[in-house]
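Remember, it's a predicted structure, so these values are computed and weren't measured experimentally.
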Amino acid sequence: MYEAFYGLKEKPFSIQPDPDFLFMGRRHTLAYTMLEYGVRNHAGFSVICGEIGCGKTTLIRHLLNSLGVEVTVGLVYNTHRDIADLLEWIMLAFGQPYEGMSPVARYDAFQRFLIAEYAAGRRTILIVDEAQNLNASALESLRMLSNINADKHQLLQVILVGQPQLRDLLQLPELHQFAQRVAVDFFIPPLSQPEVGRYMAHRLHVAGRDTPLFEPEAVARIAEVTRGVPRAINVLCETTLVYGFAAEAGSIGLALVEEVLADRQQYGVLGAPS
């Protein structure tokens, strides 16, 4: 809609997780470094936490794109507290048959799958997204799966990705043994105010524009109302570009951002950020 008007080849502020737009701020860089360290050093459990919309999923997508063919990855993303048998979902994530098996038979089949991958020279990584939705029993079952070894080699690596509640969950007394297995953990905070401007400029650059588009006062206001949460920044910037296009504004100033915020507060279903 507005792309040609602003000299863009694509939308710069889509909320879809796209590794091409990943902004490696200081904390995201540290989080990714820790993830890489965990993968390379065969960490049993790695945990990445952060607020909703902070870029966790995009970071994981970036990690997935960097893994070679020698790594077999399974992704469980539809977690909830009432999962009766997490191993069923894990088998599904790795494309393994799981229906019509007893719990013991499923465990045996998964163990044989891990051993076969190891024998073929491949490492197996399980990524559990929205892991804060799991209950303590499901996490304990993950710990038991991590006991499957071949000689001194651990056959399954697990990366848990979740919201801050995951951090609270892992501090429960009944998960003390699980917490002791976590070799890598990192919490991703929102972007700082200076990072917000660099984040916006980065996404505009990837979308094809290097000439500044948002005026400094507009950037500062966006940083303030979104509290540095990338997804919230994207939503507000996207709407502001639509308003700017409608007004034929050559740049996005503070008045335009305030107009968007006022309209969202008055007419939007969810209101404006506060």
Side-chain angles (χ1 to χ4, degrees), residues 17 19 22-52 54-77 79 86-87 89-91 93-94 110-111 113-115 117-134 136 138-172 175-189 230:
L22 178 62
F23 172 72
M24 297 297 280
R26 180 173 180 270
R27 295 296 182 178
H28 285 78
T29 299
L30 285 171
Y32 187 75
T33 300
M34 294 298 288
L35 276 174
E36 273 197 317
Y37 170 82
V39 170
R40 292 174 182 268
N41 288 274
H42 302 267
F45 287 95
S46 301
V47 177
I48 298 294
C49 290
E51 298 288 350
I52 296 173
C54 75
K56 303 182 297 295
T57 300
T58 306
L59 203 66
I60 292 297
R61 294 280 181 89
H62 185 58
L63 175 69
L64 290 175
N65 288 344
S66 72
L67 297 176
V69 295
E70 75 283 358
V71 180
T72 299
V73 178
L75 176 61
V76 174
Y77 57 87
T79 56
L86 183 59
L87 185 52
W89 293 95
I90 295 172
M91 297 283 278
F94 285 109
F110 186 65
Q111 180 173 248
F113 163 72
L114 292 179
I115 292 172
E117 291 296 300
Y118 175 74
R122 291 188 293 269
R123 287 187 292 132
T124 305
I125 297 178
L126 172 67
I127 299 174
V128 182
D129 202 2
E130 301 296 344
Q132 78 281 349
N133 294 330
L134 295 176
L139 287 172
E140 180 61 16
S141 70
L142 275 179
R143 186 183 72 83
M144 298 303 293
L145 291 177
S146 73
N147 289 332
I148 301 175
N149 299 317
D151 298 325
K152 62 180 180 179
H153 299 287
Q154 187 162 312
L155 300 188
L156 178 67
Q157 292 180 253
V158 180
I159 299 174
L160 300 179
V161 185
Q163 297 170 28
Q165 299 94 309
L166 175 60
R167 181 174 54 181
D168 301 333
L169 178 62
L170 294 177
Q171 293 175 355
L172 293 175
L175 289 174
H176 180 67
Q177 282 187 297
F178 185 99
Q180 288 182 326
R181 297 285 187 93
V182 176
V184 171
D185 66 289
F186 198 88
F187 184 88
I188 305 175

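- In terms of the salt bridge (charged side-chain N to carboxylate O under 4.0 Å, His left out) criterion, Arg61 has no residue partners (sequence neighbours excluded).
- Across all their heavy atoms, Cys54 and His28 have their closest contact at O-NE2, 2.7 Å.
- Using a 4.5 Å heavy-atom threshold, the side chains of Leu155 and Thr124 count as separate.
- The distance from the CD1 atom of Ile90 to the CG atom of Leu75 is 11.5 Å, given to the nearest 0.5 Å.
- Listed by chain and number, the residues in a side chain to side chain donor-acceptor pair (under 3.5 Å) with Ser141 amount to none (sequence neighbours excluded).
- Of the possible polar contacts, none joining the Gln157 side chain to the Arg123 backbone as a donor-acceptor pair under 3.5 Å is found.
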Side-chain donor-acceptor contacts of residues 39-49 below 3.5 Å, not counting sequence neighbours, with atom names and distances?
unit_1: Asn41; atom_1: ND2; unit_2: Tyr37; atom_2: O; d: 2.9

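- With rounding to the nearest 0.5 angstrom, the NZ atom of Lys56 is 8.0 Å from the CD atom of Glu51.
- Val182 has its side chain within reach of Phe178: a pair of non-hydrogen atoms, C-beta onward, lies under 4.5 Å apart.
- The two residues Ala93 and Val76 come nearest to each other via the heavy atoms CB-CG2, 3.9 Å.
- When the side-chain contact (heavy atoms from CB on, under 4.5 Å) test is applied to Leu64, the partners found at least two apart in sequence or on another chain are Ile60, Leu67, Val73, Ile127.
- Scored by the salt bridge (charged side-chain N to carboxylate O under 4.0 Å, His left out) test, Arg27 finds no partners at all (sequence neighbours excluded).
- No side-chain heavy atom of Thr57 sits under 4.5 Å from any side-chain heavy atom of Tyr77.
- Each of Leu134, Leu172, Val158 was compared with Leu139 under the side chain to side chain contact (heavy atoms under 4.5 Å, CB included) criterion, and only Leu134 meets it.
- With values rounded to the nearest 0.5 angstrom, Leu30 atom CG is found 11.5 Å from Leu35 atom CG.
- Using modelled atom types, no side-chain atom of Asn147 and backbone atom of Leu145 make a donor-acceptor pair closer than 3.5 Å.
- With rounding to the nearest 0.5 angstrom, the CG atom of Leu175 is 11.5 Å from the CD atom of Gln180.
- Across all non-hydrogen atoms, the minimal contact from Ser66 to Tyr32 is OG-OH, 3.2 Å.
- Partners of Gln163 under the side chain to side chain donor-acceptor pair (under 3.5 Å) rule, at least two apart in sequence or in another chain, are Glu130.
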Side chain to side chain contact (heavy atoms under 4.5 Å, CB included) for Leu114 and Tyr118? Distances and angles first, verdict last.
CA-CA 6 Å; Leu114 292 179; Tyr118 175 74; over 6 Å; no
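- Contact annotation: the side chain of Leu22 approaches that of Leu59 to within less than 4.5 Å [non-hydrogen atoms, C-beta and beyond].
- Atom OG1 of Thr72 sits about 7.5 Å away from atom CZ of Phe94, to the nearest 0.5 Å.
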Can you check side chain to side chain contact (heavy atoms under 4.5 Å, CB included) on Ile148 and Leu156, steps first, answer last?
CA-CA 7 Å; Ile148 301 175; Leu156 178 67; over 6 Å; no
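- By the side-chain contact (heavy atoms from CB on, under 4.5 Å) test, Thr29 is found to be paired with Met24, Thr33, residues two or more places apart in sequence or in another chain being considered.
- With sequence neighbours excluded, the residues forming a salt bridge (charged side-chain N to carboxylate O under 4.0 Å, His left out) with Glu117 are Arg122, listed by chain and number.
- The shortest heavy-atom contact between Arg181 and Ser146 is NH1-OG, 2.8 Å.
- Between Pro19 and Asn65 the shortest heavy-atom distance is CG-ND2, 3.5 Å.
- Checked against side chain to side chain donor-acceptor pair (under 3.5 Å), Arg26 has no partners two or more places apart in sequence or in another chain.
- Every residue two or more places apart in sequence or in another chain that forms a ring-ring contact (aromatic ring centres under 6.0 Å, His included) with Phe23 is listed here: Tyr199, His202.
- Across every non-hydrogen atom of Leu86 and Ala138, the tightest pair is CD2-O, 3.7 Å.
- Not counting sequence neighbours, Gln165 has no partner by the side chain to side chain donor-acceptor pair (under 3.5 Å) test.
- Considering only residues two or more places apart in sequence or on other chains, Glu140 meets the side-chain contact (heavy atoms from CB on, under 4.5 Å) condition with Arg143, Met144.
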